[in-house]
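Keep in mind that the numbers below use all heavy atoms, side chains included, and drop hydrogens, waters and symmetry copies.
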Amino acid sequence: MAWQKSTYSAGTANNECVEVGAAANETVALRESDAPGTVIVAAPGAFAALIRTVKAAALRA
């Protein structure tokens with residue numbers, strides 16, 4: 001699977017980042033670079049809802 005780093009995570013001091021990739025059965029995979037063996041898999045709609053929620057929370061912060 002090809003992983004893509006989050007643009008918000010790039011350039012941190014410890015190079016920690018969140019990565020996403022296209023998983024089997026048209027799902028989205030998500031992992032943290034410090035624990036690449038732990039992968040969360042979600043349906044595209046659920047992943048989109050997560051991103052919307054995180055963005056909304058960041059705007060309120």
Side-chain angles (χ1 to χ4, degrees):
M1 174 181 329
W3 292 97
Q4 180 179 350
K5 284 185 181 183
S6 167
T7 57
Y8 288 100
S9 299
T12 61
N14 295 328
N15 234 4
E16 298 165 350
C17 63
V18 174
E19 300 171 321
V20 296
N25 301 324
E26 299 180 9
T27 57
V28 179
L30 180 69
R31 73 180 184 180
E32 206 279 306
S33 64
D34 283 351
T38 303
V39 178
I40 298 170
V41 180
F47 182 71
L50 171 67
I51 297 301
R52 283 192 302 273
T53 301
V54 170
K55 284 182 176 182
L59 291 174
R60 288 191 301 265

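- For Glu32, the side-chain contact (heavy atoms from CB on, under 4.5 Å) partners at least two apart in sequence or on another chain are Glu16, Asp34.
- With contacts defined as side-chain heavy-atom distances shorter than 4.5 Å, the pair Phe47/Thr27 does not qualify.
- Take Val39 and apply the side-chain contact (heavy atoms from CB on, under 4.5 Å) test, not counting sequence neighbours, and it matches Trp3, Ala29, Arg31, Val41.
- Of the listed residues (Ile51, Leu30, Ile40), just one forms a side chain to side chain contact (heavy atoms under 4.5 Å, CB included) with Val20, and that residue is Leu30.
- Met1 CE to Glu19 CD: the interatomic distance, rounded to the nearest 0.5 Å, is 11.0 Å.
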